[in-house]
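Read the numbers this way: they start at 1 and go in the same order the structure lists the ligands and their atoms. One-based numbering along the sequence shown.
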Amino acid sequence: MSKKKGHWGDCSFCGRYKLTTREHIFPRGIYPLSSATSKVQRITIPDCTACNSGTSDDDAHFRNVMSVAGDATDAVQELWEGPIRRGFAQIDGRRRALDMFAIMRPAPDAGPERYRIFPAEDERILRSVRKIVRGLSRYHNLSPVVADGQVFADVQREEIPEQTLAGFEIGTTDSDICAYAFLSLGGVDGMLSAWVLQFFGRTNFLAMICADEQTRITKFGK
Ligand SMILES: [Zn+2]
């Protein structure tokens, strides 16, 4: 919870006129100390206490899962040696570890005792991705307040054709930690915008913001 002084305004997530504070769109926890002043990390939007409370646990889980979802980069290594190790040592650290193991599967093709992690099987991870996208949509003034139900998010399962990506606008980017690009779709076919996000240079997600929840269910089935 933030102790910062608030300002009255429209919350980016519920749209209500409330006392809001500036909150980071990307969880601060994914930034190791050496990158704490990076460009993406400094992107903030206003939100209310109700929308902002209870997300710190999701943020820690997101950081943990993203850090093991691929190769150990320098940034990931730094996180493991600092906040992640400290997090597991805390009182709820055992639960945090179990949350992570729940989405790991043996990967015998990669070698004995190797595991792969499946972020798309974890609703909390996808919720974190959806929240980032909702915040970015507001930050870029693409659409009015976006509800969670309007957003479809999944891990990127196939290569995106070069000509499709060519139309995307590149967002503020720290390629070693997080990067994103987006395409405004202007409501055509019930679609407001398309998003690609990448964490630690190797874990990619896709997201679509639909005009409403029904459109999302019709188009994506979940
Ligand atoms: Zn709110």
> Within a strict 4.5 Å, meaning less than it, do heavy atoms of the D57 and R124 side chains meet?
yes
> Looking at F152, I'd like to know if the NZ or CZ of K219 sits under 6.0 Å from its six-membered ring centre while staying within 45 degrees of the ring's axis.
no
> Between the side chains of S193 and S184, is a donor N or O closer than 3.5 angstrom to an acceptor N or O?
no
> I'd like to check the side chain to side chain contact (heavy atoms under 4.5 Å, CB included) partners of A181; sequence neighbours left out, ordered by chain and number.
F168, I170, V196
> Which protein N, O or S atoms does the Zn ion (ligand 1) have within a distance shorter than 2.8 Å?
C11 SG, C14 SG, C48 SG, C51 SG
> Got a sec, which residues hit ring-ring contact (aromatic ring centres under 6.0 Å, His included) with F182, two or more places apart in sequence or on another chain?
H140, W195
> Please name all residues satisfying side chain to side chain donor-acceptor pair (under 3.5 Å) with S34, sequence neighbours left out, ordered by chain then number.
E78
